[in-house]
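For reference, the structure discussed in these notes is given below.
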Amino acid sequence: MQQILFYILALLAIAFSIATITSRNAMYSVLSLVATFFALAGFYLMLNAEFVAFVHIIVYAGAIMVLFLFVVMMLNLNQSPVNIPRPLLARLAAVVAGGIFGLTLVAALSQTILPTSAESTALAEVGSVRTLGKMLFNEFLLPFELTSVLFIATMVGVVVLTKKEE
Amino acid sequence: MISVITFKLILVSLLFLVTLGIAAYSTYFERKIAAFLQDRIGPNRAGPFGLLQPIADGVKMIFKEEHRPAGSNRLLFILGPSLAMATALMTSAAIPWGTHIEIGGHSYAFQVADINVGVLYVFAIVSLGVYGILIGGWSSNNKYSLLGAIRASSQMISYELAMGLSIIPIILYTGSLQMSDIVEGQHQVWNVFRYPLGFLIFLICAFAETNRTPFDLPECETELVGGYHTEYTSMKLGFFLFSEYVNMFVSSAMIATLFFGGYHFPGLSSLEHLPNLAAFLGFGVLFAKILFFIFFFMWIRWTIPRFRYDQLMRLGWQVLMPTSIVLIVIYGAIFSFL
């Protein structure tokens, strides 16, 4: 049951990611990316991380992607499919970069010890809000606070950038 | 296991029918209440007191001619209203409708899914509600639809923040994100008496999230013809209009659950030896609360005029959000030091 679900979600995630980068219509790209996020949220749910799954949907699908859609609509990209010129050098660079990235992934995979099913059921509580909160405010307090400072700095930066010169 | 799944399936289909029924009759009561407030009679032709009006409307919607504007995107044009309806119907899964029901010695929770982050589930689905409007408005290939869709999306994103922040004191008090725990936490005192200001903010945001007057700028007919559903006809239009009523029902259910004790009523604990009676009485009480809030939604609609768009944004970002942040600080201090 779990395995079937995993393969369905994995298939959806891969299919929609490919649709995101190959689609000529910006609107379809954005919507495929939203669908990809849903598949990822499904993985989090399967790992008992309900909190992460729903926050993922709220933040990415609910807020950030809506802003993306917003921009696509405002620019009204639907009439002309985007045609980006692709010089030979850029193509070569893309192939090399992709190859290196693939190599890294393969190397990382060969080093990874995959958890057995017995271990993953023992972690049933790992994704609950309680566990997550205790982890954040005990073990990872400093990184957590630093991240909040970063967020505040970003917010102030945005306000400063958008404020009109009087 | 099988019996639990059967029970849940029955509950889901029952909820589906009840939600659609309530939404259909909300359209009738909206017109009756509007008529009452404006000293008119309202619909009274179809059936006794016009009670068959929703059915007549539904049949009319289905048999109207389908029309798709030239230059519109076929797939997205259909996806828009479908998404609006689907997201509207999904939210009610996390709401506890009553205490436990006992059938043949087994005890079943009167709730479809008691997710351990139930509140977040509801907010996640609510935040997806904007996609239906946005996609529908954009794919119509009409400037008024697009403007309506853009208004809807910015309005919903703005008010979601204040809405989410306004219930954090409740979560702090309950110590849980589970809907059933939040209801149980109101065993003695309803949350509305503990957080009157938080309730007010939540209520205002609920109006904005459902695009109801005074926040119905996405479909503001004096400026935008019909807003995001200008180009829609037939049952696709029906889906958009209907999803608004479903959203209203679900929002009322959320208000009743989070702030008005959900299924709690005085004397619930004395019915412990009759769990089924307690569950159904609780269900009835919760429904009475929900119906009151649906009435309240309509009452406001026919009383208060629409905001201007800049007023709407100022209210959301400069009044509601700072107030709810201050409330979090105050209640946080109360809970940790008192």
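Within a 6.0 Å sphere centred on CZ of A:F68, heavy atoms belonging to other residues, nucleotides or ligands number 12 at most. Around the OH atom of B:Y195, the shell of radius 6.0 Å holds more than 12 heavy atoms that belong to other residues, nucleotides or ligands. No more than 12 heavy atoms of other residues, nucleotides or ligands lie within 6.0 Å of CZ in B:F239, so this atom counts as exposed by the packing criterion. Heavy atoms from other residues, nucleotides or ligands lying under 6.0 Å from OH of B:Y173 number 12 at most. Surrounding CG of A:L89 are at most 12 heavy atoms belonging to other residues, nucleotides or ligands under 6.0 Å away. Applying the 6.0 Å contact sphere to CG of A:L92 captures more than 12 heavy atoms from other residues, nucleotides or ligands.
Annotation: ring pair (Phe, Tyr, Trp, His ring centres under 6.0 Å) contacts of A:F140 (sequence neighbours excluded): none.
In this structure, no portion of B:S139 lies under 4.5 Å from any heavy atom of chain A. If you measure heavy-atom distances from B:L177 to chain A, the contacts under 4.5 Å come from the side chain alone. Proximity to chain B (any heavy atom under 4.5 Å) is restricted, for A:V34, to the side chain, taken from C-beta onward. For chain B, the nearby parts of A:A61 are the backbone and the side chain; heavy atoms of each come within less than 4.5 Å. When heavy atoms are compared at a cutoff of 4.5 Å, A:M27 approaches chain B solely by way of its side chain, counted from C-beta outward.
Between A:G62 and B:S127, the shortest heavy-atom distance links the atoms CA-OG, 3.6 Å. A:I57 and B:A124 get closest at one heavy-atom pair: CG2-CB, 3.9 Å.
For the set B:I115, B:L128, B:I157, the count of heavy-atom pairs under 4.5 angstrom toward chain A peaks at B:L128. Each of B:I135, B:I125, B:V130, B:V126 has some count of heavy-atom pairs under 4.5 Å with chain A, and the biggest count is that of B:I135.
Counting heavy atoms from C-beta on, the side chains of B:L76 and A:Y28 come closer than 4.5 Å.
To the nearest 0.5 angstrom, A:L69 atom CG is 8.5 Å from B:S153 atom OG. The distance from atom CG of B:L120 to atom NE2 of A:H56, rounded to the nearest 0.5 Å, is 14.0 Å. With rounding to the nearest 0.5 angstrom, the CG atom of A:L31 is 7.5 Å from the OH atom of B:Y131.
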